[in-house]
Amino acid sequence: MKLATWNVNSLRVRLAHLGDWLAASPVDVVGLQELKLPDEDFPQSQIEAFGLHAAWFGQRTYNGVAILSRAPIVDVTTGIPGFDDPQRRVIAGTVDGVRVINVYVPNGQSVGSDKYAYKLDWLARLRDYVARELTRYERLAVIGDYNIAPEDRDVHDPAKWEGSVHVSAPERAALQDLLSTGLHDTFRLFEQPPETYSWWDYRMGAFRRNHGLRIDLVLASAALSRSCIGCHVDRTPRTWERPSDHAPVVATFDIG
DNA sequence: ATGGCTAACATGGTTAGA
């Protein structure tokens, strides 16, 4: 099973890229973030024309998440149960016995801001949710745009970024808290090229200069991570005309 | 040097992203 995450930064604008990417690099499941469209505008027929099932949780202008899958998606839930969050950032479903939680973690804007406080609170709620789901599902993946670079090696210029949002100690501690429930960063299960990132600013030629962050992650429960045989960032769509600022991340599992 | 780019909403200028 190939399981991917991709922040498309507007599904409307990126639909052709999505189709081209899926045709060139088929995956079994992909979690999308930043749909930026309401549920009634979700391009269901076009996604089905790609040969995929879909479950979505959209929102006008901001946020919005979806799961696309070759096989049917069952037991779909949206949001974090018990958390009345007006921002639509979480969708979960089960595909071929694997539970997939797809998340779009808040950006946080800047350290100390209201949005930063919301991000930390949100991450605490996600942690509690994941801890509960780990007791229900042995094979669980928590994928998405985390808006946190786990370590300095996930940052192109750690000195410049030190203390900033996406790398600050409280954010990294919150991510470690999430991992400590029993998840593994599949990217780090394997030797990787140095300076591998998943997001590059649109400005200042950041992609050309590889000035990026690795903030898009495929996390897997212990049982699922034992079957993981690879994880990589696919930079190809980031080279296309009018790209998303994020690249897809793909993890492969040998689960028969 | 708080700039630089992109998308949405709106229709020119602001908000948000990361």
Side-chain angles (χ1 to χ4, degrees), chain A residues 5-18 21 31-43 56-66 85-90 102-123 126 143-175 187 195-217 233 235 237-249:
Chain A
T5 177
W6 193 8
N7 180 325
V8 291
N9 185 19
S10 169
L11 182 54
R12 231 187 294 270
V13 173
R14 231 62 68 187
L15 190 60
H17 279 198
L18 179 64
W21 180 68
L32 305 179
Q33 303 88 35
E34 287 209 85
L35 306 183
K36 296 188 174 181
L37 47 75
D39 281 342
E40 59 268 28
D41 290 348
F42 187 84
W56 60 94
F57 190 42
Q59 183 178 336
R60 178 180 174 268
T61 311
Y62 306 114
N63 310 312
V65 285
D85 184 1
Q87 302 188 24
R88 296 184 163 197
R89 298 179 172 279
V90 180
N102 176 38
V103 305
Y104 174 45
V105 174
N107 173 300
Q109 194 178 50
S110 59
V111 174
S113 67
D114 289 350
K115 289 176 183 174
Y116 183 77
Y118 166 69
K119 181 178 192 175
L120 294 180
D121 177 61
W122 197 96
L123 286 162
L126 178 66
I143 67 175
D145 175 0
Y146 282 81
N147 271 317
I148 300 169
E151 301 175 77
D152 278 354
R153 59 178 166 163
D154 302 309
V155 180
H156 75 90
D157 186 347
K160 183 179 153 194
W161 279 87
E162 188 180 0
S164 301
V165 73
H166 305 109
V167 309
S168 73
E171 290 167 85
R172 284 178 167 170
L175 180 59
F187 184 81
E195 300 177 72
T196 297
Y197 309 121
S198 66
W199 169 86
W200 302 262
D201 201 300
Y202 283 122
R203 300 163 293 185
M204 304 291 287
F207 181 66
R208 177 177 50 79
R209 297 150 74 184
N210 196 30
H211 288 184
L213 303 174
R214 190 176 71 91
I215 56 179
D216 299 274
L217 310 176
V233 176
R235 297 166 51 99
R238 190 64 177 77
T239 69
W240 295 343
E241 193 174 347
R242 209 176 170 192
S244 169
D245 44 356
H246 294 253
V249 180

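Below, all heavy atoms of this structure are taken into account, side chains as well, without hydrogens, waters or symmetry copies. Each chain gets a letter, A, B and so on, in the order its sequence line appears, and its residues count up from 1.
Contact annotation for A:Glu34: backbone-only contact, meaning every heavy-atom pair under 4.0 Å involves sugar-phosphate atoms and none involves a base. A:His211 comes within 4.0 angstrom of nothing in the nucleic acid, heavy atoms only. Within 4.0 Å of A:Asp145, counting heavy atoms only, lie sugar-phosphate atoms of the nucleic acid but no base atom. Base contact: A:Asn107 has a heavy atom under 4.0 Å from a base atom. Across all strands shown, A:Asn7 has heavy atoms under 4.0 Å from sugar-phosphate atoms exclusively, and none from any base.
With ring centers used as reference points, A:Trp240 lies under 6.0 Å from A:His17.
Atom CG of A:Asp114 and atom C1' of B:dA16 are 15 Å apart (whole Å). Residue A:Gln109 contributes atom CD, which lies 13 Å from atom C1' of B:dT2 at whole-angstrom precision. Across the protein-nucleic acid pair, A:Arg60 atom CZ and B:dA16 atom C1' stand 14 Å apart, rounded to whole Å. Going from atom NZ of A:Lys160 over to atom C1' of B:dT2 covers 12 Å, rounded to whole Å. As a whole-Å value, the separation of A:Trp161 CH2 from B:dA18 P is 10 Å. Look at CG on A:Asp216: it is 11 Å from C1' on B:dA18, rounded to the nearest Å. Residue A:Asp245 contributes atom CG, which lies 17 Å from atom P of B:dA16 at whole-angstrom precision. Spacing between atom CD of A:Gln59 and atom P of B:dC9 amounts to 11 Å, rounded to whole angstrom units.
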Verdict with supporting geometry, A:Arg209 and A:Asp201, salt bridge (charged side-chain N to carboxylate O under 4.0 Å, His left out): CA-CA 11 Å; A:Arg209 297 150 74 184; A:Asp201 201 300; over 6 Å; no
Derivation of the side-chain hydrogen bond (donor to acceptor under 3.5 Å, both in side chains) call for A:Gln33 and A:Thr5: CA-CA 8 Å; A:Gln33 303 88 35; A:Thr5 177; 3.0 Å; yes
Full working for salt bridge (charged side-chain N to carboxylate O under 4.0 Å, His left out) between A:Arg88 and A:Asp39: CA-CA 11 Å; A:Arg88 296 184 163 197; A:Asp39 281 342; 3.1 Å; yes
Worked check of side-chain hydrogen bond (donor to acceptor under 3.5 Å, both in side chains) between A:Ser168 and A:Tyr116: CA-CA 10 Å; A:Ser168 73; A:Tyr116 183 77; 2.7 Å; yes
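Candidate nucleotides B:dG17, B:dA18, B:dA8 were compared by shortest atom distance to the side chain of A:Thr61, and B:dA8 ranks first.
Only the P atoms considered, B:dT11 is 29 Å distant from B:dT2, to the nearest whole Å. A distance of about 22 Å separates the C1' atoms of B:dA1 and B:dT15, rounded to the whole Å.
Every side chain to side chain contact (heavy atoms under 4.5 Å, CB included) that A:His166 has, sequence neighbours left out, goes to A:Asn107, A:Lys119, A:Asn147, A:Trp161, A:Leu213.
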Could you list the protein-to-nucleotides 3-7 of chain B atom pairs, N/O on both sides, closer than 3.5 Å?
| from | atom 1 | to | atom 2 | distance (Å) |
| --- | --- | --- | --- | --- |
| B:dG4 | O6 | A:Arg203 | NH1 | 3.3 |
| B:dG4 | N1 | A:Arg203 | NH1 | 2.7 |
| B:dA7 | OP1 | A:Arg14 | NH1 | 3.0 |
| B:dA7 | OP1 | A:Arg14 | NH2 | 3.3 |
| B:dA7 | OP1 | A:Arg242 | NE | 3.4 |
| B:dA7 | OP2 | A:Arg242 | NE | 3.0 |
| B:dA7 | OP2 | A:Arg242 | NH2 | 3.3 |

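Contact annotation: A:His166 does not reach the phosphate of B:dG17 (side-chain N/O to OP1 or OP2, under 4.0 Å). Residue A:Tyr104 has no polar side-chain atom (N or O) positioned under 4.0 Å from OP1 or OP2 of B:dA16.
Nearest-nucleotide positions on DNA chain B place A:Arg12 closer to the 5' end than the other of A:Asn147 and A:Arg12. For A:Leu11 and A:Val165, each mapped to the nucleotide of DNA chain B holding its nearest heavy atom, the one lying further toward the 5' end belongs to A:Leu11.
Judged by the 6.0 Å distance and 45° axis criteria, A:Arg214 is not positioned over the aromatic ring of A:Tyr197.
The aromatic rings of A:Trp199 and A:His246 lie tilted to each other, with the angle between the two planes from 30° to 60°.
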